[in-house]
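Both counts, for ligands and for their atoms, begin at 1 and track the order of listing. Residue numbers count from 1 along this sequence.
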Amino acid sequence: MKKLAAGNWKMNGTAASLSEVAALVQAQPAPVCEMLLCPPATLVASMAATAKGTALHVGGQDCHAKASGAHTGDISAAMLRDAGASHVILGHSERRADHNETDAQVLAKAEAAIAAGLIAVVCIGETEAERDAGRTLDVVGTQLHGSVPAGATAANLVIAYEPVWAIGTGRTPTIPEIAEVHAFLRARLTARIGEQAAGVRLLYGGSVKPSNAAEIFAVPHVDGALVGGASLKASDFGAIVAALSAA
Ligand code: PEP
């Protein structure tokens, strides 16, 4: 399995930001791990053009479950593919919170993404209240079962475990806590999609930065990271890519 360093630019970046992409691919011309950046939809085509012929993959941050139609402001998986994307993030906690996305909707989007030839990066994770109540495994197990298509494979699915309270806060779970959730997710995924689960990349996400990446990447069943803030700068994301390549 090739590990994956994925960056989520969220609602950040304009054409000028593509200079960071040029710097990243110059610094990491042939990383051992896979490298993915998911810019806002406005930059998918131009980032894909910048990344053409390099080791960098480009993805979207969401797609509609339908292939086309009267859905003002939305974009389909096929449109992302057409713009040069190979992956799409689905069910990020910010979309679950801001747009009330349910597991069923994330599942429908993942099916659409896979049908269009994209790799679905499905996000799950507990809130701080849920962790404090001892419900973390229950919550992520339910999200996993509800958001992942039963027919998904190692080739078209990536899971990102992102505790909501760790996103953008500088806080992370302890190493044993990350280990517990990732081992649980591998087992749950096996129950959901069978033997293909062994090859699905399980990413950790939430305040990953150059200074903590190596110890997180040493955790069993952590096959990479989904990185928010630290993916905006080529120097930081490049250091995380280097740490994953060395893990
Ligand atoms: C994210 O939003 O997916 C994320 C992990 O953000 P950050 O790395 O900034 O915590």
Return yes or no for this condition: an N or O of [X] is under 3.5 Å from an N or O of ligand 1.
X      : result
Gly168 : yes
Thr169 : no
Gly229 : yes
Ala230 : no

Which ligand 1 atoms are under 4.0 Å away from a heavy-atom of [X]?
X      : answer
Ala166 : 10 (O)
Gly206 : 5 (C), 10 (O)
Ile167 : 1 (C), 2 (O), 4 (C), 6 (O), 10 (O)
Ser207 : 7 (P), 8 (O), 10 (O)

*Using a distance-only test with no angle check, is there a side-chain donor-acceptor pair under 3.5 angstrom linking Glu20 and Ser17?*
no
_Glu126 and Tyr161: side chain donor to acceptor below 3.5 Å_ = yes
*Would you check whether Ala160 reaches within less than 4.0 Å of ligand 1, judged by its heavy atoms?*
no
*Looking only at heavy atoms of Lys10, does any of them come nearer than 4.0 Å to an atom of ligand 1?*
yes
N/O donor-acceptor pairs under 3.5 Å from side chains in residues 234-247, not counting sequence neighbours:
unit_1: Ser245; atom_1: OG; unit_2: Val32; atom_2: N; d: 3.3
unit_1: Ser245; atom_1: OG; unit_2: Cys33; atom_2: N; d: 3.4
unit_1: Ser245; atom_1: OG; unit_2: Val241; atom_2: O; d: 3.0

Does the pair [X]/[Y] count as a salt bridge with the N-to-O cut at 4.0 Å?
X      : Y      : answer
Lys109 : Asp74  : no
Arg96  : Glu101 : no
Asp223 : Lys3   : no
Lys10  : Glu94  : yes

Could you identify the single nearest non-hydrogen protein atom to [atom] and state the distance to 0.1 Å?
atom                   : value
atom 8 (O) of ligand 1 : Gly228 N, 2.8 Å
atom 1 (C) of ligand 1 : His92 NE2, 3.3 Å
atom 3 (O) of ligand 1 : Glu162 OE2, 2.7 Å

*Counting only N and O atoms by type, is there a donor-acceptor contact under 3.5 Å from the side chain of Tyr204 to the main-chain atoms of Gly206?*
yes
If you look only at distance, which donor and acceptor atoms sit under 3.5 Å apart when one is on a side chain in residues 36-43 and the other is two or more places apart or in another chain?
none

